[in-house]
Peer 1: 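Pasting in a structure now, in structure tokens, and then I'll have a few things to ask.
All ligand and atom numbering here is 1-based and tracks the order in the structure. All figures in this text were calculated on a predicted structure; none of them were measured in a lab.
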Amino acid sequence: MQAYNKGFAYVYNWRWAGFARQVAPLLLDFYASTPIGQTNKSVLDLCCGTGHLAVHFLEKGYRVVGLDLSEHMLRYAQENARQYVDSGQARFVQGDASDFTLDERFGLVVSTYDSLNHLESEQALRRCFECVYAVSDGYFIFDLNTRFGLRRWNNIFIDDSDDDAFVITRGVYDGQSDKAWMKISGFLRLPDGLYERFDETPFNTVFEMEKVKEALLDVGWKNPYFARIQDLKTPLDDPEREGRVFIVASK
Ligand SMILES: C[S@@+](CC[C@H](N)C(=O)[O-])C[C@H]1O[C@@H](n2cnc3c(N)ncnc32)[C@H](O)[C@@H]1O
């Protein structure tokens, strides 16, 4: 279980929202072009993090529920979507993506930025597929880093681009085992000018794409396929050759 901690949630909200902002319009366009997407405007953002993807759907009139394990990420999501939370168009709940129930159903369930690689095993991923199936009326779209993609984690990146934070990211993956690790640490400047240290070491579980597809089919999902975010309608022949793939399944 990997609920992001307070310091990392701050950095994430500040620096790492770009991916969600980039993929949200593409996911929305795809969903809006499907038959169910014409009428059903309800979305579950699974592992919603700081809520940036949710905000895009909210701005376009969708109702959104965001679920995340981390109270700190959820606090930013609530702040970022404040007006929609206040009006009742959005709701954020704390929960585990592989063990949750909700009292409503959704036309679209999305999960982005390798969130489901954070689940510890194939069993946990399968349980997640079951939980989503129980609350879905339509599509389930999520992304995963592949083994090929995680091999690229082996590097060190230092972000000292301004005085408010100093962030060091170290990725470790041997290319063989079923976990890749990313150690993220650094210092954040507080309002009083002093710096506070933060550390977070999330892992990604490596899932074999064929097994992911089998698990989806076993649970009852129809027509699962792998695609690139730029073209969610076109299935890929060899997802393991991609660094990150989007998986599209329907009920
Ligand atoms: C890389 S962030 C992605 C956040 C957001 N989806 C985005 O695109 O920016 C991964 C998120 O997954 C959450 N998370 C990790 N394990 C989880 C679990 N088992 N259940 C729910 N959320 C989880 C973390 O707290 C974090 O907010």
Peer 1: Using only heavy-atom distances, determine whether the side chains of R170 and S185 contain a donor-acceptor pair under 3.5 Å.
Peer 2: yes
Peer 1: When you check the side-chain N and O atoms of R147 and Y173, is any donor under 3.5 Å from an acceptor?
Peer 2: yes
Peer 1: For ligand 1, which atoms have a heavy atom of Y113 less than 4.0 angstrom away?
Peer 2: 1 (C), 3 (C), 7 (C), 8 (O)
Peer 1: Ignoring angles and geometry beyond distance, decide whether W16 reaches within less than 3.5 Å of ligand 1 through its nitrogen or oxygen atoms.
Peer 2: no
Peer 1: Just which atoms of ligand 1 are under 4.0 Å from any heavy atom in A97?
Peer 2: 18 (C), 19 (N), 20 (N), 21 (C)
Peer 1: Side chain to side chain donor-acceptor pair (under 3.5 Å) with Q123: which residues, sequence neighbours excluded?
Peer 2: S121
Peer 1: Short N/O distance, under 3.5 Å, between L69 and ligand 1?
Peer 2: yes
Peer 1: Check ligand 1 against A20 and write out every atom of the ligand that is under 4.0 Å from a heavy-atom position of the residue.
Peer 2: 8 (O), 9 (O)
Peer 1: Considering distance alone, does some N or O of S98 sit under 3.5 Å from an N or O of ligand 1?
Peer 2: no
Peer 1: Check C48 against ligand 1 and report side chain, backbone, both or neither, counting heavy atoms closer than 4.0 Å.
Peer 2: backbone
Peer 1: Has D96 got any heavy atom lying under 4.0 angstrom from an atom of ligand 1?
Peer 2: yes
Peer 1: Using heavy atoms and a 4.0 Å limit, tell me yes or no: is D68 in contact with ligand 1?
Peer 2: yes
Peer 1: Please say which of Y113, F8, Y4 ends up in a ring pair (Phe, Tyr, Trp, His ring centres under 6.0 Å) with W16.
Peer 2: F8
Peer 1: Near L119, which atoms of ligand 1 are under 4.0 Å from a heavy atom of that residue?
Peer 2: 19 (N)
Peer 1: Is there a polar contact, in the sense of an N or O pair closer than 3.5 Å, between F19 and ligand 1?
Peer 2: no
Peer 1: Between D68 and S70, do the side chains contain an N or O donor and an N or O acceptor separated by less than 3.5 Å?
Peer 2: no
Peer 1: May I ask you to check whether C47 has an N/O atom sitting below 3.5 Å from an N/O atom of ligand 1?
Peer 2: yes
Peer 1: May I ask you to list the atoms of ligand 1 that are less than 4.0 angstrom from any heavy atom of S115?
Peer 2: 3 (C), 6 (N), 10 (C), 11 (C), 12 (O)
Peer 1: Would you mind running through ligand 1 and noting each atom that sits below 4.0 Å from a heavy atom of G49?
Peer 2: 4 (C), 27 (O)
Peer 1: Would K233 and S33 count as having a side-chain donor-acceptor pair, cut-off 3.5 Å?
Peer 2: yes
Peer 1: Assess, by modelled atom type and distance only, whether the side chains of N5 and D199 contain a donor and an acceptor separated by less than 3.5 Å.
Peer 2: no
Peer 1: Do T205 and K179 have a side chain donor and acceptor closer than 3.5 Å?
Peer 2: yes
Peer 1: For D237, does the CG atom sit with more than 12 other heavy atoms under 6.0 Å from it, leaving out its own atoms?
Peer 2: no
Peer 1: With nothing but distance in play, are any N or O atoms of Y12 less than 3.5 Å from an N or O of ligand 1?
Peer 2: yes
Peer 1: So which bit of L53 gets within less than 4.0 Å of ligand 1, heavy atoms only: side chain, backbone, both or neither?
Peer 2: neither
Peer 1: Do the non-hydrogen side-chain atoms of L116 and C47 ever get within less than 4.5 Å of each other?
Peer 2: yes
Peer 1: May I ask whether G95 has any heavy atom positioned less than 4.0 angstrom from an atom of ligand 1?
Peer 2: yes
Peer 1: Distance check, rounded to the nearest 0.5 Å: W153 atom CH2 versus T169 atom OG1?
Peer 2: 10.5 Å
